[in-house]
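Report on the structure given below.
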Number of protein chains: 2
Amino acid sequence: MRAINRFNVLDTIRRAGSIARIEISDRTQLSTTTVSAITASLLDDGLILARTEGDLREAATRGRPRVMLELNPDAARVVGAKIAANRMVFVVTDFCGEVLSTLTLALRVDRQPIGVIADLIEDGVRRCVVDANLALDEIDSVCLGLPGVVEHRTGHIRTSPIFRESGVDFAKDMSERLGVTTIVESDAHAITLAHHWFGQARDLDDMVLVSLEQTLGLGVLHGGQLFRGAGGLSHNLGDLVLGMGPQGIIRLASLAGESAILGDQPSGRFAEAIRLGRGMAHAKTLIDAEDNTLISAAIRAGEACGMALANIVTLFAPPRVILVGSSLALGQPFLDSLREAYSLAIPPSIKGVTELVFDQSTDETWAQGAAVVALRELYESPWGTTGPAPAL
Amino acid sequence: MRAINRFNVLDTIRRAGSIARIEISDRTQLSTTTVSAITASLLDDGLILARTEGDLREAATRGRPRVMLELNPDAARVVGAKIAANRMVFVVTDFCGEVLSTLTLALRVDRQPIGVIADLIEDGVRRCVVDANLALDEIDSVCLGLPGVVEHRTGHIRTSPIFRESGVDFAKDMSERLGVTTIVESDAHAITLAHHWFGQARDLDDMVLVSLEQTLGLGVLHGGQLFRGAGGLSHNLGDLVLGMGPQGIIRLASLAGESAILGDQPSGRFAEAIRLGRGMAHAKTLIDAEDNTLISAAIRAGEACGMALANIVTLFAPPRVILVGSSLALGQPFLDSLREAYSLAIPPSIKGVTELVFDQSTDETWAQGAAVVALRELYESPWGTTGPAPAL
DNA sequence: GTATTTTTAACGGAATGCGAATTAAATAAC
DNA sequence: GTTATTTAATTCGCATTCCGTTAAAAATAC
């Protein structure tokens, strides 16, 4: 019970950024007495800080001024990472989720042996931590955001475009390598939480996010919690079936996946751009130069995404859908056809329920989302005076 | 806190049917002391009964014999109803969900004015209650299961094939007519809970049910709770888009809805059978007589359903999917093509995660499911010594 | 100084949960 | 037939935690 209330108070403080006790009592419906007791213990554990100044009401109010409480950024540090096929992005954040250092490695890792990938990740984490002027043992938790189907609870990677193997217990591997608790999560789930904490869904506890990257992912927020499938695994939108063609099943990935849009580019400048992870940006310049092959690929992809999106809205009926990912960089042809297909396909009965938002987040935001995944687990874990208590 | 534990204990007793306190303590992780206190209060409120005999362990065990606890069937009575376009089925059940009386009205109500439909439902409820040798004021709650998109929380019917109007506040209407708390729920959600309590999902807290009736519905059970969309509304699978054809969007309903399979039958014996709600049964006899039009319609429908099913499994990854509804009566051509399309469309990465179960429930089971919806709300509501306390 | 508002402190009461001891009810052993 | 043993359930005492009330302390405006 205390644990629940404690978490609620802490989360209220985080959402507000800076808030007085009496306001917490208002929002959480807890008595001022209880809030005082809980905040005292949070202050004691060093999770929050008190600031005397900063009362935003009119200065001309009488009475004892409010003491504003806010998260103590130094209460914990975590590492978040976005691992993609052609790049890795690491961030170190403080307890508030603010980024302390960033590291981007542009290198193609897909289909490497698992040991090689683990080596690179380990290296990236260590370097990013050093960049933040920290040592690894000052890091409380690491979260890796990966594409594909990830079982967060068990730490297994079911399938991922960056691994040849399937069913890897990657969380355990990396925990042992780093000597720090390491968890894994789908990259789509990570960016979903990033938007919940910092982005376009700060005001919402229910929403859906669709990520259009090399892999097509989905994040569903339901009551402020990620909706993970039974078994805790993430979704792979690319596997959605859009119809039956002459050569069999047509999946979304085959129309809207990165390779479907960019095509097979065996050589040349475009192929080089793709290899370096600039494929979509380069495609945009080609589209602007009216490359008809690419334009029609983008339109096809947009239509497919719009239809799939309509199906997802039919199933989840969220107030807002956020679209993110590199494919958005394709620009008008893609976005217009997506919007058009969506409004055609959305059933009339739920028209107007859902708002569509496009968001071009940087890779850093994705990594920050992974950090948020780690932080959320810290928030819920019991704390001693020195740091988070080890799990039972 | 007590309320939560109380509900847990009550639900544990319901699941077990008959169970000793010490066993409850085992399963709920509550101390025997707490279980004793809670069961005492439940006994006091008349919600459960104690039975001295019935200890199923070997008779030759020493020690004080266990006192088995079970639900008191007489603690409450509810009415559940399945309202379909061409029939209404009512049941009165006791507190355990056991059916006390049944009433089927075979009449076509779709597109009647709302007052007429309400009249018929009111009449059905009253007659079914009388059949159970009860008076309406002995009924604690009524739940109506309707096809279409239903907002359970607010009691509004967003769209339903049986109403001309949309956005009707039907729960309020019927509550006033009957003088009994009346709630509404999607028929698919009702049958989902029926399977959770009595059917093929007794052992599962996570599963998905797909109902193939006149309307195509979906029920998602997640952690023992129905997963309702962000506004508490139900899903309409028929609106799912399966592809783009020459005449525009192809929705599942246009391939696998009842009218899509049976076709437009303006007259004749078949049309008469459809009007009476025997359409699918009659179709089966025609299929057995090798009516090629129907066979190919059934195959098309099966394929469409199989693909849609694969998409749902991709999104929810439940351990089990239960398929119910009148369309199952089409037999082999439909089921075989469904299975085949499903196994083609299911992505390899989650092959084997989900088990497919077909279930031909009677209409009574659907109505019983609606009763379960009502009972679950009673279970959670606070009780006085005389009956459920009125909502605040 | 007085008034006002926020925060902390102190006390009592109520609810809840747990552990230990106790009682209850049966069988097994003698 | 009595006693011991075993298992189930209850009782009792204790700790926690919450809330409400009241009062005091802190800090500022007037």
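Naming convention: chains lettered A, B, ... in sequence-line order (proteins, then strands); numbering from 1 in each chain.
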Checklist entry - Between A/R21 (CZ) and D/dA26 (P), how many Å, whole number? => result 14 Å
Next on the checklist: Rounding to an integer number of Å, can you tell me how far B/M68 CE sits from D/dT7 P?
Outcome noted: 17 Å
Checklist entry - Would you call the rings of A/Y379 and A/F7 parallel, tilted or perpendicular if under 30° counts as parallel and over 60° as perpendicular? => result perpendicular
Checklist outcome for this item: Contact string for nucleotides 15-23 of chain C, one letter per nucleotide 5' to 3', B = base within protein heavy-atom range under 4.0 Å, S = sugar-phosphate only, - = neither, reads -SSBBB---
Checklist entry - Yes or no on salt bridge (Lys or Arg N to Asp or Glu O under 4.0 Å) for B/R15 and B/D205, after CA distance, side-chain angles and deciding distance? => result CA-CA 12 Å; B/R15 280 175 196 241; B/D205 271 350; 3.3 Å; yes
Checklist entry - side chain to side chain contact (heavy atoms under 4.5 Å, CB included) with A/L69: which of A/V9, A/L49, A/L42, A/I24? => result A/I24
Next on the checklist: Using whole Å, what does the distance between atom P of nucleotide C/dA24 and atom CD1 of B/I22 come to?
Outcome noted: 18 Å
Next on the checklist: Please report the distance, rounded to the nearest Å, between CD1 in B/I19 and C1' in D/dA8.
Outcome noted: 14 Å
Checklist entry - Going through the distances and angles, do B/R27 and B/E23 end up as a salt bridge (Lys or Arg N to Asp or Glu O under 4.0 Å)? => result CA-CA 6 Å; B/R27 297 198 194 173; B/E23 185 84 10; 3.4 Å; yes
Next on the checklist: Below the 4.0 Å mark, does C/dA25 have OP1 or OP2 next to a side-chain nitrogen or oxygen of B/R66?
Outcome noted: no
Checklist entry - Are side-chain N/O atoms of B/S18 and B/R51 paired as donor and acceptor at under 3.5 Å? => result no
Next on the checklist: Just to be sure I understand the rule, does B/A37 reach a base, reach only the sugar-phosphate, or reach nothing, if contact means heavy atoms closer than 4.0 Å?
Outcome noted: nothing
Next on the checklist: Nearest whole Å is fine: how far is D/dT16 C1' from A/R6 CZ?
Outcome noted: 15 Å
Item to check | Protein-nucleotide distance (A/R51, atom CZ; C/dT6, atom C1'), rounded to Å | outcome: 17 Å
Checklist entry - Is the backbone N or O of A/E185 less than 3.5 Å from a side-chain atom of A/H152, with the two atoms forming a donor-acceptor pair by type? => result no
